[in-house]
Amino acid sequence: MMSDKQKEATSLIVEQLVQSGIKLVASLPDDWIAPLIDAVDKDDRFKHVPVNREESAIGLCSGAFFGGIPSLALMGASGLTTCIYAITKINYSYHIPLFIFATLRGVIGDPRPHHISNGLYLTKLLDSISLPFLLVEERKTIERIPAAFKHCQAMNRPEVVIFSEAVLLGEA
Amino acid sequence: MDLRDCFKYFAGRQGDGVVITSAGVTSGTWWRTTHDMDQVFYLGASMSMISMFGAGIAMGAPKLPVWVFMGDGAFVMNPGMLMVERDLNLPNLKHFLVSNRVYNATGAVRLANAKRNDYAAIARAVGIERVFEIDSLEGLHSQFDKIVSEPGHTFTVLEVEPLREKPGGVPIDDVESKFRFGRYIEKKAGIKIFRHPALEPLNR
């Protein structure tokens, strides 16, 4: 059951997607983004495609670029780490823009031991392959999503927006 | 069936549609068959992603036939893609699995469980209704219209012999490929792909 704060935060993120012109969302859940996936699924401004693994979202969204459909690959931190091969081979080689949402797992405040590696390595991993990311740890940063999307398109490269749990819960 | 003969037939029937090939002999053989750089995207070194890639195109350009030729070495890395394909059920997406049971481009080493893998059964098991198995040119000729010309997503296993001689690479720069392929789709499907983000609003 979502709190009012979480509903409000989810709705704000969804509106930024609309402002960005996103029409297709390919997703694989992490429990932090499950409410966002549900909101996208119920919103007929988007075509939502649940995928079998995160790499499939990379493939689908990269193809959607050639279909003229602005898209988003929505996944958790662990899923993103599995996509490095696809991102570097498809999006870096061919200069195909790709917009990704992920979660800031394993940091202070996330007590799940199986996410510790994400806390230790996710942002460093992205830095190591020069993959730009926008960290959303405060509510006001949500409004920068359309600018991040535009930057992604301008660069013809992938860009990631990474959300803290507090922002997704509407508590920051 | 010989992949080269098979691709010659497909190339002769391609029309305005686009082709996506996976890394290895499918890309090399399509290139050697057609020398095309506009109606095809050679998606090298991203094994198993091409049917999802093709699905993205097929969604945005629903009147454009999209054929994907995926090697079975690529397929076995992500057979779950078929679940997404079935969910989408895109009528203009035709998925061809080039089954030679080996990793042909990297020394013809056999695939895991090579002889027992029943790719058509996997497709049927996820609910794909139009599944075909072709192991001869005659079969391809007789089934082609049913597979390709009739609307509806299809999954077709093309059983071919491994190539003894590698077809070689595709001599096109990746970024040039992006623009040539994209411009072809823009023209044929009447959609806008390339935008200047500073000059054109994105939310249209």
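Just so it is clear: chains get the letters A, B, ... in the order the sequence lines come, proteins before strands, and each one is counted from 1.
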Item to check | Distance-minimising heavy-atom pair for A/Asn156 and B/Lys178 | outcome: OD1-NZ, 3.2 Å
Next on the checklist: Is B/Ala55 in contact with chain A via its backbone, its side chain, both, or neither, using a 4.5 Å heavy-atom distance?
Outcome noted: both
Next on the checklist: Just checking A/Tyr121: does its OH atom have more than 12 heavy atoms from other residues, nucleotides or ligands closer to it than 6.0 angstrom?
Outcome noted: no
Next on the checklist: Counting heavy-atom pairs closer than 4.5 Å to chain A, which one of B/Val175, B/Asn78, B/Leu82 comes out on top?
Outcome noted: B/Asn78
Checklist entry - How long is the gap from CD1 on A/Ile69 to CD1 on B/Ile57, to the nearest 0.5 Å? => result 10.0 Å
Checklist entry - So how far is it from B/Met81 CE to A/Leu60 CG, rounded to the nearest 0.5 Å? => result 13.0 Å
Next on the checklist: Atom NZ of residue position A/Lys89 - does it have more than 12 heavy atoms of other residues, nucleotides or ligands inside 6.0 Å?
Outcome noted: no
Item to check | Selection from B/Val66, B/Ile50, B/Val84 maximising heavy-atom pairs under 4.5 Å formed with chain A | outcome: B/Val84
Checklist entry - Which residues in residues 12-39 of chain B have a heavy atom less than 4.5 Å from any heavy atom of chain A? => result none
Next on the checklist: Counting only non-hydrogen atoms closer than 4.5 Å, does B/Tyr184 touch chain A with its backbone (N, CA, C, O), its side chain (CB onward), both, or neither?
Outcome noted: neither
Next on the checklist: For B/Leu43, which atoms come within 4.5 Å of any heavy atom of chain A: side chain, backbone, both, or neither?
Outcome noted: both
Checklist entry - Heavy atoms, side chains only, cut-off 4.5 Å: are A/Gln153 and B/Arg195 in contact? => result no
Checklist entry - Given the options B/Phe41, B/Phe181, B/Phe179, which has more heavy-atom pairs under 4.5 Å with chain A than any of the others? => result B/Phe41
Checklist entry - Contact part of B/Lys192 toward chain A, heavy-atom cut-off under 4.5 Å: side chain, backbone, both or neither? => result backbone
Checklist entry - For atom CZ of A/Arg112, is the number of surrounding heavy atoms from other residues, nucleotides or ligands below 6.0 Å larger than 12? => result yes
Item to check | Region of B/Leu88 that comes under 4.5 Å of a non-hydrogen atom in chain A | outcome: side chain
Checklist entry - Which atoms of A/Phe66 come close to chain B, meaning under 4.5 Å heavy atom to heavy atom: side chain ones, backbone ones, both, or neither? => result both
Checklist entry - Would you call A/Phe65 and B/Phe194 a side-chain contact if the rule is heavy atoms closer than 4.5 Å? => result yes
Next on the checklist: Looking at chain B, which one of A/Cys61, A/Gly59, A/Ser62 has the largest number of heavy-atom pairs inside 4.5 Å, strictly under?
Outcome noted: A/Gly59
Item to check | Contact class of A/Leu24 relative to chain B, heavy atoms under 4.5 angstrom | outcome: side chain
Next on the checklist: Please check if the number of heavy atoms outside B/Glu150 that lie under 6.0 Å from its CD is greater than 12.
Outcome noted: yes
Checklist entry - Does a sphere of radius 6.0 Å around CD in A/Glu138 hold more than 12 heavy atoms from other residues, nucleotides or ligands, not counting ones at 6.0 Å or beyond? => result no
Checklist entry - Shortest non-hydrogen contact from A/Arg53 to B/Met77? => result NH1-O, 3.1 Å
